[in-house]
Each structure stands twice: as C-alpha cells, then as structure tokens.
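What follows is a single structure, written as structure tokens, with notes after it.
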There are 2 protein chains.
Amino acid sequence: MKRSLSRETRIALEPRKQPRQQRSSKVVDRILDAALTLTREQGTKAPTTLAIAQHAGLSVGSVYQYFPNKEAILLDLARRWLSSFPEVIARRIEVAPPTNREEFRQEVRKLFIDTSKLYLDNASLMPVIEAISGNADLRPIQNEYDDQIVALYAAWLQHVNPALEDKVASRLGLLMMEVGHACRLVGLKRDRKTYDLIEDDVEVMWLALVNPYLNLD
Amino acid sequence: MKRSLSRETRIALEPRKQPRQQRSSKVVDRILDAALTLTREQGTKAPTTLAIAQHAGLSVGSVYQYFPNKEAILLDLARRWLSSFPEVIARRIEVAPPTNREEFRQEVRKLFIDTSKLYLDNASLMPVIEAISGNADLRPIQNEYDDQIVALYAAWLQHVNPALEDKVASRLGLLMMEVGHACRLVGLKRDRKTYDLIEDDVEVMWLALVNPYLNLD
DNA sequence: AAAGAATGCGACTAATTATTCGCGTTTGTC
DNA sequence: GACAAACGCGAATAATTAGTCGCATTCTTT
C-alpha cells in the first residue's frame with residue numbers, strides 16, 4: 001500500500017485525467033457502476049480496487065487512469081447527492097416566508113417532501129454514503145457537507161422566523177438533519193409501505209421540534 | 001494478517017484465557033484502557049494491535065494472551081454498555097402501566113431519563129461505539145444488540161398500550177432508538193448545556209411520535 | 001529454593017491491498 | 001497507412017498490520 005499521500009494533508013480527489021476518447025468515458029461509467037454494485041453487495045463496505053477493476057472488466061491500472069485513488073471513486077458516486085442536498089434546501093428559502101401556522105406547516109411539508117425525494121431517488125446510493133461515514137479518511141469530507149446542510153436548515157428556519165437566534169437555529173437544523181437522515185436510512189432498508197409510514201413519523205417529529213420556536217399565531 | 005478466522009463464520013470473541021495472577025488482570029485493564037484512549041484520540045478509528053500494546057506498555061504477544069483478536073478488545077469495551085441498554089428499558093416495563101395522559105407523559109419521561117443517563121455516564125465510550133458501527137466485521141454484532149433494544153422499546157410501548165399492533169410497536173421502537181441514538185451522539189460532542197437542550201428536543205419528538213398511537217383519554 | 005505454571009516478550013510470518021510503471025494495443029488524425 | 005497520443009494492462013512494489021511462537025522472566029506452591 002503506497003499510502004503516504006493520505007498522511008500529508010488530505011486525500012487527492014481530482015480526476016487524474018479527463019477521458020479523451022469515447023471508449024474511456026464509458027470506462028469511467030463502468031468503474032463507478034462496479035464500485036456502486038460492489039458496495040451494495042458487500043453492505044456498506046468499501047470494495048477493493050482489484051474487485052472494482054475486475055467487476056468492471058478492467059485492470060487496476062485502468063482504474064488509476066481516471067481516479068487518483070480509491071477514495072475518489074466512492075466520493076464521485078456520493079458527490080452529486082451530497083451537493084444536491086444544499087441546493088434543494090436553498091430553493092425552499094427563495095420563496096416568501098409563511099405568515100401563519102397553516103402556511104408554516106405547508107412550508108415544513110414542502111421542505112420535507114423535497115428532502116425525502118432525495119433519499120428515494122438515490123436509495124441505491126445509500127450504502128456508499130454509509131461506507132463513506134464508516135471510513136476514517138472520508139468522514140472529514142462528509143462532515144463538510146453535513147455542516148453546509150445544517151447551516152442551510154438553520155438558514156431556512158431563520159427565513160421562516162427571522163427572530164430565531166443563530167444558536168437555536170443551528171441546533172434545530174442539526175437535529176432536523178440527524179433525525180431525517182437516521183430515520184430515512186433505516187426506512188429505505190424496509191419495504192416502501194414502511195418507508196412511507198416512517199416518513200409520516202419524521203414529519204410529525206420535525207413539526208413538534210420546530211413549532212415551539214416559531215412565533216406565529 | 002492471519003485473518004482466516006474472520007472468514008469462517010464469525011469472529012471469535014471469548015477471552016483466550018482468564019487471568020490467574022493479579023498482575024495479569026491489571027494487564028487486561030491496561031489493554032482496555034489503551035484501546036479506549038486510542039480510539040478516542042483517533043476519533044472513532046479502531047487502533048492497531050501494536051498501538052494498543054505500546055500504549056499499554058506491553059508487547060503484542062501479551063495482548064493476545066487475553067484477547068483472541070483485535071475485535072474482541074473493542075467489543076469488550078462496548079459490551080457492558082450495549083447490554084445495559086436492554087436492562088434499563090426492561091426495568092421500565094415492570095411497573096404498572098399508566099392510565100391517563102399525564103401518567104403516560106411521566107412514563108415516557110422516566111424511560112427517557114434512564115436512557116439518557118446511559119449516554120451521559122458512558123460518554124467516553126461513544127467513540128468505541130462509533131468505531132464498531134464503522135467496522136464491517138463488528139456491525140452484525142451491533143445489530144443484534146440493536147434488534148434487542150428495538151424489541152424492548154416495542155415491548156414497552158405495548159406495555160403502555162396493549163392494543164398496539166406488533167408492527168406499529170416495532171416501527172416506533174426503531175425510531176425511538178434511532179432518533180435517541182443519533183441526537184445523543186451529536187449532543188455529547190457538544191457542550192453540556194447544548195446536550196441538555198438537545199435532550200429536551202428529543203423528548204418532545206418522542207412524545208410527538210408516540211402520542212398518536214396511544215388510546216388514553 | 002526448586003520446580004512448574006503463568007506471564008511477558010518481540011522478531012517474524014503472512015495476508016491483504018493500494019498504487020506504480022513500462023510496455024503492448026487501440027484510436028483519432030493527417 | 002503512418003504517426004502520435006490515448007488507452008489498457010498486470011506483474012511487481014511496498015506499506016500496513018493481524019496474529020504466532022519459542023524463549024525469557026516472574027510468580028506460586030511446596
């Protein structure tokens with residue numbers, strides 16, 4: 001294992017080179033596909049480079065043509081999801097804030113549905129997310145995204161109630177994220193009907209959590 | 001790495017031998033101490049056997065006198081906590097069930113306080129718990145304990161409301177566990193004041209979650 | 001104090017696996 | 001079809017680390 005890189009400051013993440021020929025861009029897809037499939041098969045355990053290469057019908061050398069290291073592969077898979085999260089929350093801040101309890105409940109519901117959709121649409125990606133959380137090298141990167149998400153939930157809360165203190169907003173944001181994430185992860189491991197029931201439960205909890213902090217009549 | 005054991009069926013967990021002389025039982029303590037300290041220092045990453053031995057002022061050979069493998073060390077640390085969880089919940093089932101909303105609220109509060117105390121009293125152990133969750137070999141063992149805990153939360157719910165369907169009870173139990181665990185883990189990483197605020201939030205969410213499923217007047 | 005059991009040691013073994021590098025092959029371009 | 005660039009290959013390298021084993025030391029017992 002030539003892993004001296006990891007020690008320096010952080011993991012290299014940029015792709016080693018851009019694919020120039022058509023065949024190679026298909027190769028990148030095959031690598032990502034293989035990594036996803038294997039992570040799912042092995043239940044949240046990051047696959048080895050050799051396993052990824054073989055499953056993609058390639059050699060290890062080819063994998064390293066496009067990815068600087070193993071971590072970058074998993075991260076590539078997760079990145080679109082991780083970055084779409086802040087986007088979705090940000091979009092819910094652009095609208096006019098609610099003026100009464102019923103409007104507020106509707107806003108919670110919208111945010112709730114939008115974020116739920118991110119989980120449902122990317123259900124197959126969840127093992128990768130779990131693998132990243134379980135990897136000491138990748139967790140710091142996860143945490144950066146998490147901090148962003150918490151900050152945006154907090155911003156959303158202050159959009160709904162501008163009088164909300166920063167500290168309270170970020171605490172509530174943190175809990176919204178944590179509760180949503182934990183419940184949805186276990187929900188996705190069960191059947192669709194149970195997932196939907198769990199979703200209702202989460203919405204109830206979210207509402208109960210934030211209601212006391214909103215000065216709406 | 002002579003790891004053929006792990007492949008067979010499961011990890012050996014029994015201690016290799018019982019300490020017979022006083023010096024050696026102190027050694028076991030030193031090993032566990034070192035493992036705990038190092039896991040904390042490295043932030044939820046399982047330390048190597050060499051690091052554990054050195055930090056305990058021992059050689060690797062001595063570590064293997066008392067532990068069959070590295071996993072057993074972490075598990076030894078976590079086990080008391082993992083098994084005290086079901087005990088604490090079971091104790092809350094022994095009392096007479098509540099007969100009205102106020103008594104019910106009190107019962108939730110008691111269960112809530114008891115489980116919270118488990119986290120506060122074992123705060124230093126949480127990195128080990130996280131390391132176990134992040135280790136593919138140990139997760140199955142975690143899951144067994146989790147299943148027990150969910151079953152007991154469900155039993156508690158049915159104790160409070162015998163008419164509650166099994167399916168609903170176990171779903172709510174699962175969410176109580178997940179929400180409690182996720183929120184308390186992040187709570188413990190913050191200051192005590194914030195932890196207490198998060199605790200209040202969790203209680204609010206628990207109550208909101210289970211209230212609709214209780215036929216009390 | 002002598003024997004034997006328990007404990008402690010740490011160099012060594014071996015399994016695993018990330019990453020490299022030089023060479024052969026394919027592709028796009030003129 | 002010839003040339004260069006891109007691509008693909010996989011044996012070899014090297015880092016890491018779990019676990020062993022025979023010998024040395026310390027304790028217990030008589």
Side-chain angles (χ1 to χ4, degrees), chain A residues 1-8 11-31 34-35 38-39 42 45-75 131 135-138, chain B residues 1-8 11-31 34-35 38-39 42 45-75 131 135-138:
Chain A
M1 302 187 196
K2 302 178 183 171
R3 293 220 125 224
S4 41
L5 284 172
S6 320
R7 285 293 158 61
E8 292 168 9
I11 295 164
L13 301 165
E14 296 312 312
R16 188 153 294 193
K17 69 165 77 165
Q18 297 298 327
R20 310 272 161 116
Q21 302 175 354
Q22 316 110 319
R23 60 171 168 170
S24 63
S25 58
K26 299 224 169 178
V27 162
V28 171
D29 289 344
R30 290 225 306 277
I31 294 168
L38 288 169
T39 307
Q42 300 176 11
K45 194 177 133 206
T48 68
T49 50
L50 185 68
I52 292 172
Q54 284 183 341
H55 195 274
L58 295 166
S59 73
V60 264
S62 301
V63 171
Y64 282 89
Q65 291 273 340
Y66 304 102
F67 295 93
N69 52 53
K70 201 181 71 160
E71 279 71 29
I73 302 172
L74 286 192
L75 213 58
N135 177 318
D137 288 324
L138 290 173
Chain B
M1 305 186 194
K2 302 180 183 169
R3 293 218 124 224
S4 43
L5 285 170
S6 319
R7 286 293 157 62
E8 291 168 9
I11 295 166
L13 300 168
E14 296 313 311
R16 189 155 290 192
K17 68 165 78 165
Q18 296 298 328
R20 308 273 161 116
Q21 302 174 355
Q22 317 112 314
R23 60 170 169 167
S24 63
S25 57
K26 298 224 170 177
V27 162
V28 171
D29 289 343
R30 290 225 305 277
I31 295 167
L38 288 168
T39 307
Q42 299 176 12
K45 193 177 135 205
T48 68
T49 51
L50 185 67
I52 292 171
Q54 285 183 339
H55 195 274
L58 295 165
S59 73
V60 264
S62 300
V63 171
Y64 281 90
Q65 291 274 339
Y66 304 102
F67 295 93
N69 51 53
K70 201 182 69 161
E71 279 71 31
I73 303 173
L74 286 191
L75 214 59
N135 177 317
D137 289 324
L138 290 173

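Letters A, B, ... mirror the listed sequences (proteins, then strands); counts begin at 1. Computation of the quantities below employed the complete heavy-atom set of this structure, encompassing side-chain atoms and omitting hydrogens, waters and symmetry-equivalent molecules. Values in this document were obtained by computation on a predicted structure and should not be read as measured data.
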### Query
Among C/dG8, D/dT20, C/dT19, which is the nearest nucleotide to the side chain of B/Val27?
C/dG8

### Task
Output the single nucleotide from C/dT20, C/dG8, D/dC9 whose closest atom is nearest the side chain of A/Ser59.
D/dC9

### Summary
Between the CD1 atom in A/Ile31 and the CD atom in A/Gln65, the distance rounded to the nearest 0.5 Å is 9.0 Å

## Note on the structure
To the nearest 0.5 Å, atom CG of B/Asp29 lies from atom OH of B/Tyr66 at 11.5 Å

Can you tell me how far [atom2] of [N] sits from [atom1] of [X], to the nearest Å?
X	N	atom1	atom2	result
A/Tyr66	D/dC9	OH	P	10 Å
A/Phe67	C/dT20	CZ	C1'	18 Å
B/Leu38	D/dT17	CG	C1'	15 Å
A/Leu58	D/dA11	CG	C1'	17 Å
A/Gln65	C/dT26	CD	C1'	13 Å
A/Gln54	C/dT16	CD	C1'	14 Å
B/Lys26	D/dT26	NZ	C1'	16 Å
B/Ile52	D/dT16	CD1	P	18 Å

### Message
Check the phosphate of D/dA18 against B/Thr49, side-chain N and O only, distance under 4.0 Å to OP1 or OP2. Yes or no?
### Response
yes

### Message
Can you tell me if A/Ser62 touches the phosphate of D/dC9, counting only side-chain N or O atoms and a distance under 4.0 Å to OP1 or OP2?
### Response
yes

### 5′-ward residue of the pair A/Thr48/A/Gly61 relative to DNA chain C
A/Thr48

### Donor-acceptor under 3.5 Å (A/Ser62 side chain, A/Leu58 main chain)
no

### Query
Between A/Ile52 and A/Ala34, which heavy-atom pair has the shortest distance, and what is it?
O-CB, 3.6 Å

